[in-house]
Amino acid sequence: MRKMRTQSAPWRAAAVLASVLLVGGVAACGNSDTGGGGTKDDGKITMGFSQVGAESGWRTANTISIKEAATAAGIELKFDDAQQKQENQIKAIRNYIQQKVDVIAFSPVVESGWDTVLKEAKDAKIPVILTDRSVDSADKTLYKTFLGSDFVKEGKLAGEWLVEQKKTASGPVNIVELQGSTGAAPANDRKKGFAEAIAANPNLKVIASQTGDFTRAGGKQVMEQFLKANPKIDVLFAHNDDMGLGALEAITAAGKVPGKDITIITIDAVKDGMQALADGKFNFIAECSPLLGPQLMDLAKKVKAGEEVPARIETEETTFTTEQAKEALPNRKY
């Protein structure tokens, strides 16, 4: 009898082990059914975000806002820096589609050429949110919503301020324009809005307009060219603060006093730009807020839940003169 008990022990152990593995296998299958196939059932949202780059202080502040807001909202963020190249953004978006993220958001480098990849995201049933910059696609169903500024309005505000300042001018007022990156929505729209506004005064004439790619280095280089080619420049309109800050160096090097010899108007209102305005080196700034992160995360949750959202959501912004910049600077977040 003792011999039989000794021989049956391994069999009983194997039977117990098989039972455990069977139960474990069922449990594992249950977990796979709940969250398998790349679809999570834990309620957590994964967002793929493709950023234009890091070309300016505004863009840096925008990136920080998005990353901090994602952490605060409990959203897993997959972040990509496109380095101002559309092909990099398209590649990143396709990677996000392959990874089966819940939401894709991006700030388009340029307006055109997105239909194919956006159709791929739509076919994969991944909602897309445009931030800061829009696209010119005729098919508005390719993305859920746009979150950002009214760039045409920003250009108009800059132009309207100039019209008011120069309303008593009896002769021509020569304006040079530092454009943003070629093909980018803010560059196209700010140029359009400014042109529409200054048309109210025929004395205001844009005598030179060229891209500085939204960078300080670009602003400095192009302003140097403007100053050499145009002996009389009365006004500089820069599509962002960073180009205006670069232009300050060129203007000073040319022996002119920025803010006095040349009136300087910019857009963004980042800290460095606001400081230049407070110091009297800039004369007027139309604000463009980069702090879109909290609104973006709120939208991500809504579109993931299948809620209806407005097709366009604009951020609230203002304008600044020198005195207003002095008041606002101590509490400026970016």
Side-chain angles (χ1 to χ4, degrees), residues 35-55 58-137 139-148 181 184-186 290-313 315:
T39 302
K40 301 179 294 300
D41 196 30
D42 57 5
K44 184 158 185 172
I45 296 173
T46 299
M47 172 188 287
F49 185 88
S50 178
Q51 181 62 284
V52 172
E55 74 282 2
W58 191 100
R59 190 62 57 189
T60 300
N62 180 241
T63 291
I64 292 171
S65 175
I66 289 166
K67 289 182 176 180
E68 290 181 347
T71 299
I75 291 177
E76 181 183 346
L77 184 68
K78 295 181 181 292
F79 185 90
D80 179 80
D81 182 337
Q83 300 178 335
Q84 293 187 297
K85 294 181 180 179
Q86 184 179 32
E87 58 266 31
N88 289 348
Q89 284 198 308
I90 291 174
K91 181 180 178 181
I93 292 169
R94 285 186 170 138
N95 283 339
Y96 295 147
I97 293 171
Q98 188 175 19
Q99 293 171 38
K100 300 181 181 178
V101 300
D102 298 304
V103 180
I104 292 173
F106 75 112
S107 181
V109 174
V110 294
E111 287 188 288
S112 303
W114 300 103
D115 284 28
T116 299
V117 72
L118 290 180
K119 178 71 162 51
E120 291 170 18
K122 182 180 178 181
D123 291 344
K125 295 181 169 45
I126 300 175
V128 173
I129 300 172
L130 303 179
T131 73
D132 173 44
R133 299 180 178 185
S134 60
V135 299
D136 62 4
S137 174
D139 185 357
K140 305 303 180 185
T141 68
L142 295 179
Y143 57 92
K144 289 294 183 181
T145 185
F146 163 81
L147 168 65
S181 301
L291 307 181
L292 306 181
Q295 285 178 281
L296 175 59
M297 300 311 148
D298 182 55
L299 280 172
K301 291 179 179 180
K302 288 180 178 178
V303 298
K304 178 63 170 63
E307 296 181 28
E308 289 293 321
V309 296
R312 185 180 180 91
I313 301 169
T315 51

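From a predicted model like this one, the values you see are computed outputs, not experimental measurements. For reference, positions follow the sequence shown, starting with 1.
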Which pair of non-hydrogen atoms, one from [X] and one from [Y], has the smallest distance, and what is that distance?
X	Y	result
Ala300	Val103	O-CG2, 3.9 Å
Ala69	Pro294	CB-N, 3.5 Å
Ala184	Glu111	C-CG, 4.4 Å

Is there a side-chain contact between [X] and [Y], using heavy atoms and a 4.5 Å cut-off?
X	Y	answer
Ile90	Trp114	yes
Ile313	Phe146	no
Pro108	Ser50	no
Pro127	Lys304	no
Tyr143	Val303	no
Thr116	Glu120	yes

Within the distance-only criterion (no hydrogens, no angle test), does the side chain of [X] pair as donor or acceptor with the backbone N or O of [Y] below 3.5 angstrom?
X	Y	result
Gln86	Ser112	yes
Gln89	Val109	yes
Lys140	Ser137	yes
Thr63	Arg59	yes
Ser107	Thr131	yes

Going from OG1 on Thr141 to NZ on Lys122, what distance comes out if it is rounded to the nearest 0.5 angstrom?
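If we round to the nearest 0.5 Å, Thr141:OG1 and Lys122:NZ are 3.0 Å apart.
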Spatial distance of atom CD (Glu307) from atom NZ (Lys144) [nearest 0.5 Å]:
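One finds 11.5 Å between CD of Glu307 and NZ of Lys144.
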Looking at Glu308, I'd like to know if its CD atom is crowded, meaning that more than 12 non-hydrogen atoms belonging to other residues, nucleotides or ligands lie closer than 6.0 Å.
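Incorrect, the count does not exceed 12.
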In this structure, are over 12 heavy atoms from other groups packed under 6.0 Å from Lys85 atom NZ?
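Open: at most 12 neighbouring heavy atoms sit under 6.0 Å from NZ of Lys85.
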Quick check on side-chain contact (heavy atoms from CB on, under 4.5 Å): which of [options] does [X] satisfy it with?
X	options	value
Lys119	Val117, Asp123, Asp115	Asp123
Val135	Val110, Val128, Leu130	Leu130
Val101	Ile126, Ile45, Ile93	Ile126

Looking only at side-chain N and O atoms, does Lys78 offer a donor or acceptor that is under 3.5 Å from a partner on Thr46?
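No, no side-chain donor-acceptor contact under 3.5 Å.
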Is Lys44 salt-bridged to Glu76, cutoff N-O under 4.0 Å?
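Not counted as a salt bridge, because no side-chain N and carboxylate O are separated by less than 4.0 Å.
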Using a strict threshold of under 4.0 Å (side-chain N to carboxylate O), is an ion pair present between Asp80 and Lys91?
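Not counted as a salt bridge, because no side-chain N and carboxylate O are separated by less than 4.0 Å.
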